[in-house]
Protein chains: 2
Amino acid sequence: MDKTLLKLKALADRNRFRIFGALTQYKELCACQITELLQVSGATVSRHLGILVTAGLVKSRKESRWVYFALDEGCDGIDNILEWLLPRLHQSDQMQMDLEVLDGIMAVTKEDLCRQQRGEACCPVQKKEKGDG
Amino acid sequence: MDKTLLKLKALADRNRFRIFGALTQYKELCACQITELLQVSGATVSRHLGILVTAGLVKSRKESRWVYFALDEGCDGIDNILEWLLPRLHQSDQMQMDLEVLDGIMAVTKEDLCRQQRGEACCPVQKKEKGDG
DNA sequence: TATATAATTAGCTATACAGCTAATTATGTA
DNA sequence: TACATAATTAGCTGTATAGCTAATTATATA
C-alpha cells in the first residue's frame, strides 16, 4: 500500500500531474524543457521530478550535461493508471494549453531554450562581460 | 483535470486511503465505525469523509442520527480507479489489519460502539451523573 | 586547467492541511 | 419541552511541502 500511496501523493500535485501528462505525449523530455513548460525555477522542477522518480512513475537518463525524463513503462500499475488518467488528461484545458506550449518548446533546440532561460538572446552579442552599462 | 486532481488529492492521504479501502469491502459504513477503525477524533474523520465526498468518490446517506458512507458507483472513472487500487489494497498489510479490526467493529451494534467511544461500559451503571467521585 | 553550464542539493519562507478540542447542528427520546 | 447524542463546523496548532535563491556537483569546452 505504501508504494501505491507514494504514487498517489506523487500525482496529487498540479505541477507533477502536468509533468506526468506531458510525459504521456512525449517519449522523453529534458529537465530544462519541463522547466520552460511549468514556468517555475529549475530547482523546483528538479525536486518534483525526484518525487516522480522515487514513486517509480518516471525514470531518468543522463546524457552529458542533459538529463532526460520519461514514463517508466515498467512501473507497477502504470497500465491501470494510464487507463484512468489518459482520457481525463485529453479532455482537460490545462493539458491542451500545455501541449501547445510544448509544441513551441520542441521547435527550438535545448541549447537555445537554455540560452533564453539564462536571459540571453538567441545569438548572444557578448559572451563574457557580466555588466550591461 | 481539476476533478481528477481532486480525486488524486483525496486518495493521497493514508487515512482517507484506508477509508476508501474499507468501503471497497463493505457496502456502507457508519461514521462512528470509521472513527473506531482509524482511531482518530470524530471531527477529523468527518473532515476526511467530507473530502472524499467532495471528490465524488464517496456518497453519504443520513438515517436518523446516523450517517452512512459508501463508494459512489456513479463516480467518473471509479472502474479504472478500482482496477488499479483493489489488487494493491488486497496485498497490503495495512488493509489486512484494517479488515480484522472491521470484523470486530461489525460484531457489535453501532449503539454499543458509540457507548464505548463515549467511555461507557456496554451496560452503563449510571446514566445522568457526570462526576465519578 | 580554468571557465561555463545543466542539474541537484541545501537552506529558507509561506501556505496547506491533518490532527485536536470546543461549539454547534440535527435528530431522537424521556 | 428538556435532555441526550451522532455528526459537523469553527478555531487552533504543529508538520509537511511547494516555492524561492544560493551553493554545490558533474560535465563539457576554451
Side-chain angles (χ1 to χ4, degrees), chain A residues 5-6 8-19 28-36 38-55 58 60-69 109-120 124 126-130, chain B residues 5-6 8-19 28-36 38-55 58 60-69 109-120 124 126-130:
Chain A
L5 202 52
L6 212 60
L8 284 165
K9 282 175 188 282
L11 291 169
D13 170 85
R14 176 174 301 273
N15 279 341
R16 287 196 296 269
F17 193 51
R18 290 172 67 193
I19 294 173
E28 60 181 13
L29 289 171
C30 180
C32 63
Q33 294 169 325
I34 296 171
T35 299
E36 187 64 22
L38 299 186
Q39 292 289 305
V40 295
S41 77
T44 297
V45 165
S46 185
R47 193 171 40 72
H48 279 317
L49 286 165
I51 289 169
L52 287 165
V53 168
T54 299
V58 165
S60 70
R61 161 178 92 78
K62 185 159 189 172
E63 190 180 305
S64 88
R65 268 180 304 194
W66 312 88
V67 181
Y68 297 90
F69 295 87
T109 64
K110 287 187 303 299
E111 286 77 6
D112 278 346
L113 184 64
C114 286
R115 253 192 289 278
Q116 283 174 231
Q117 288 175 349
R118 296 198 306 273
E120 296 175 18
Q126 47 195 4
K127 255 199 139 176
K128 290 201 173 177
E129 294 183 29
K130 292 280 168 66
Chain B
L5 203 51
L6 213 59
L8 284 165
K9 282 175 188 281
L11 291 169
D13 171 86
R14 176 173 302 274
N15 279 340
R16 288 196 297 270
F17 193 50
R18 290 172 66 193
I19 294 172
E28 60 181 12
L29 289 170
C30 180
C32 63
Q33 295 170 323
I34 296 171
T35 299
E36 186 65 21
L38 297 187
Q39 293 288 306
V40 295
S41 77
T44 297
V45 165
S46 186
R47 192 169 41 71
H48 279 317
L49 286 164
I51 289 168
L52 287 164
V53 168
T54 300
V58 165
S60 70
R61 163 178 92 77
K62 187 160 190 173
E63 189 180 304
S64 86
R65 268 180 304 195
W66 312 88
V67 181
Y68 296 90
F69 295 87
T109 65
K110 288 187 302 301
E111 286 77 7
D112 278 346
L113 185 65
C114 287
R115 253 192 289 279
Q116 283 173 230
Q117 287 176 349
R118 295 198 306 274
E120 296 175 19
Q126 47 196 4
K127 254 200 138 175
K128 292 202 173 179
E129 295 183 29
K130 292 281 168 66

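Each chain gets a letter, A, B and so on, in the order its sequence line appears, and its residues count up from 1. Fair warning: this is a prediction, and the values are worked out from it, not measured in the lab.
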Where is the tightest heavy-atom contact between Ile34(A) and Val45(A), given as atom of each residue plus distance? CG2-CG1, 3.9 Å
Student check: side-chain heavy atoms of Gln33(A) and Glu36(A) closer than 4.5 Å: no
Determine whether Val40(B) and Thr35(B) make a side-chain contact, defined as any pair of heavy atoms from C-beta on separated by less than 4.5 Å. no
Report the distance from atom CH2 of Trp66(B) to atom P of dA7(D), rounded to the nearest whole Å. 6 Å
For atom CZ of Arg14(A) and atom C1' of dT17(D), their distance in whole Å: 17 Å
Taking atom P of dA16(C) as reference, at what distance in whole Å does atom CG of Leu6(B) sit? 15 Å
Looking at dT5(D), I'd like to know if its phosphate oxygens (OP1 or OP2) sit under 4.0 Å from a side-chain N or O belonging to Arg115(B). no
Compare the minimum distances between each of dA7(D), dA22(D), dG19(C) and the side chain of His48(B), then state the nucleotide with the smallest one. dG19(C)
By nearest-heavy-atom nucleotide on DNA chain D, the more 5' of Gln39(A) and Lys62(A) is Gln39(A)
Let me spell it out: for each of Ala12(A) and Glu63(A), pick the nucleotide of DNA chain D with the closest heavy atom. Which residue's pick is nearer the 5' end? Ala12(A)
Indicate, with a heavy-atom threshold strictly under 4.0 Å, whether Arg118(A) touches base, sugar-phosphate, or nothing. sugar-phosphate
Candidates dT21(C), dA6(D), dA18(D) - which lies nearest the side chain of Asp13(A): dA18(D)
Nearest-Å distance for atom pair CG/C1', residues Asn15(B) and dA16(D): 15 Å
For Phe69(A), answer base if it contacts any base atom (sugar-phosphate contacts may also be present), sugar-phosphate if it contacts only those atoms, and nothing otherwise; contact means non-hydrogen atoms under 4.0 Å. sugar-phosphate
Can you figure out which of dG19(C), dT8(C), dA7(D) approaches the side chain of Ala31(B) most closely? dA7(D)
Sugar-phosphate only, base, or nothing, as touched by Thr44(A) at under 4.0 Å among non-hydrogen atoms: base
Heavy-atom pair with the smallest gap, counting every atom of Ser60(A) and Val67(A): CB-CG1, 4.0 Å
Using a cut-off of 4.0 Å on non-hydrogen atoms, how would the nucleic acid contact of Leu113(B) be classed: base, sugar-phosphate, or nothing? nothing
Nearest-nucleotide pick for Ser46(A), side chain only, options being dA7(C), dA10(C), dA7(D): dA7(C)
Could you check which of dT8(D), dC20(C), dA6(C) has an atom nearest any side-chain atom of Val67(B)? dT8(D)
Could you check whether any side-chain N or O of Arg16(B) sits under 3.5 Å from a backbone N or O of Ala10(B), counting only pairs where one atom can act as donor and the other as acceptor? yes
Is the shortest side-chain N/O distance from Arg16(A) to OP1 or OP2 of dA18(D) below 4.0 Å? yes
Report which part of the nucleic acid Ser64(B) touches: base, sugar-phosphate, or nothing (heavy-atom distance under 4.0 Å, all strands). sugar-phosphate
Per-helix bend value, the helix from dT1(C)-dA30(D) to dA30(C)-dT1(D), C1' rotation axes over five pairs per end, 10° rounding, shows 10°
NA contact type, Ile34(B), heavy-atom cut-off 4.0 Å: base, sugar-phosphate, or nothing? nothing
Would a 4.5 Å heavy-atom cut-off, applied to side chains only, mark Phe69(A) and Glu28(A) as touching? no
Whole-Å distance separating the CG atom of Leu49(B) from the P atom of dG19(C): 12 Å
Tyr68(B) OH to dA26(C) C1': how many Å, rounded? 16 Å
Rounded to whole Å, please give me the gap between CG in Leu8(A) and C1' in dT17(D). 17 Å
Residue whose closest nucleotide on DNA chain C lies nearer the 5' end, Lys110(A) versus Arg47(A): Lys110(A)
Taking the side chain as C-beta and beyond, is there a heavy-atom pair between His48(B) and Ile19(B) under 4.5 Å? yes
Close side-chain approach of Ser46(B) to Leu49(B), heavy-atom, < 4.5 Å: no
Rounded to whole Å, CG of Leu52(A) lies from C1' of dT8(C) at a distance of 16 Å
So which nucleotide from dA28(D), dA7(C), dA7(D) ends up closest to the side chain of Arg65(A)? dA28(D)
Contact between Tyr68(B) and Leu29(B) at the side-chain level, heavy atoms closer than 4.5 Å - yes or no? no
